[in-house]
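This report concerns only the one structure given below.
In this text, all values refer to a predicted model and were calculated from it rather than measured experimentally. Just so we're on the same page: letters track the sequence lines, and every chain starts at 1.
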Amino acid sequence: MSKITYPAKFEFLDEIREFVAEVARAGGFTEKEIYSLQLAADEAASNIIEHAYVGVTDATLDLNCELQGDAIVITMRDQGAPFNPAKVKQPNLKAKLSERQIGGLGVYLMRKLMDEVHYESKGKTNTLTMIKRRA
Amino acid sequence: MEITTQEFKHGDLVAVKGRVDSATAPEFAKALEKLNENGRFKIAVEMSGLEYMSSAGFRALLACQRNCKKYNRGELVLVQVPDRIREALELAGFTELFKTFDNSVEAVGNF
């Protein structure tokens, strides 16, 4: 069983990270890669909870995590407001302390940590797909 | 997540253990804000027991660093940053915003 539905609450981020780690470990990813995968999944789920489901208390998100050859494919589906990470402006990492943007960091990390990040909004469902290949 | 704060003459040492994510970061941010509210602007965050920190935790560090630096010679520094967390901070371009130390005595002595 590689698909789990979680309540869209921050309290479940621990479980989401654990699930991703379990699948990645089975796929032979290193501990360093597993940390990266957990961070990317956490940032993605946090964004869904915070942005897609802003003000919604009983929402859920589906997490699918599977191995395909030497890659892990993490898919998250939600029925919240469309939130396209590709449209989030990249934070300026060279900006001075006072000018650092607080937002956009999660999406930036997802893109850096994963090999591919895709987003699709169809009907009421938003689908985020993240892929990382073993080193 | 577990936070313990120790007050020293020249600054405060905040040890954060466990996992800081969107669920726990507000509590971490609040602990740092409380120090600022009490007029404490020299803060060393000790991370040797930290297993995980997402960008929610990075944001709390950034907000506090801004607050600390508003005051004369105030500063937030990091101590014993675990490798995985240091790599993520580097990726986020945060390492140049925080001085890091190998031990807390050295960090607090720097204030």
- Task: Test side-chain contact (heavy atoms from CB on, under 4.5 Å) on A:Leu63 and A:Val20 and set out the steps.
- Result: CA-CA 9 Å; A:Leu63 172 62; A:Val20 169; 4.3 Å; yes
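- When A:Arg17, A:Glu31, A:Lys96 are compared by the number of non-hydrogen pairs under 4.5 Å with chain B, A:Arg17 comes out ahead.
- The contact between B:Arg19 and chain A is made entirely by side chain atoms (from C-beta outward), counting heavy-atom distances below 4.5 Å.
- B:Lys69 touches chain A through its side chain: at least one heavy atom from C-beta onward sits under 4.5 Å away, while N, CA, C and O do not.
- Using a 30° and 60° split on the angle between ring planes, B:Phe41 and B:Tyr71 fall in the parallel class, below 30°.
- Between chain A and the residues B:Glu87, B:Arg66, B:Gln65, B:Arg59, the most heavy-atom pairs under 4.5 angstrom are made by B:Arg66.
- Proximity to chain A involves both the backbone and the side chain of B:Leu91, based on heavy atoms less than 4.5 angstrom apart.
- Contact count versus chain B (heavy atoms, under 4.5 Å) is highest, among A:Lys32, A:Glu11, A:Lys112, for A:Lys32.
- Proximity of B:Phe94 to A:Leu93: side-chain heavy atoms (C-beta onward) are nowhere separated by under 4.5 Å.
- A heavy-atom distance below 4.5 Å is not found between the side chains of B:Met47 and B:Gln80.
- In this structure, B:Tyr52 contributes its side chain and B:Arg84 its backbone to no donor-acceptor pair below 3.5 Å.
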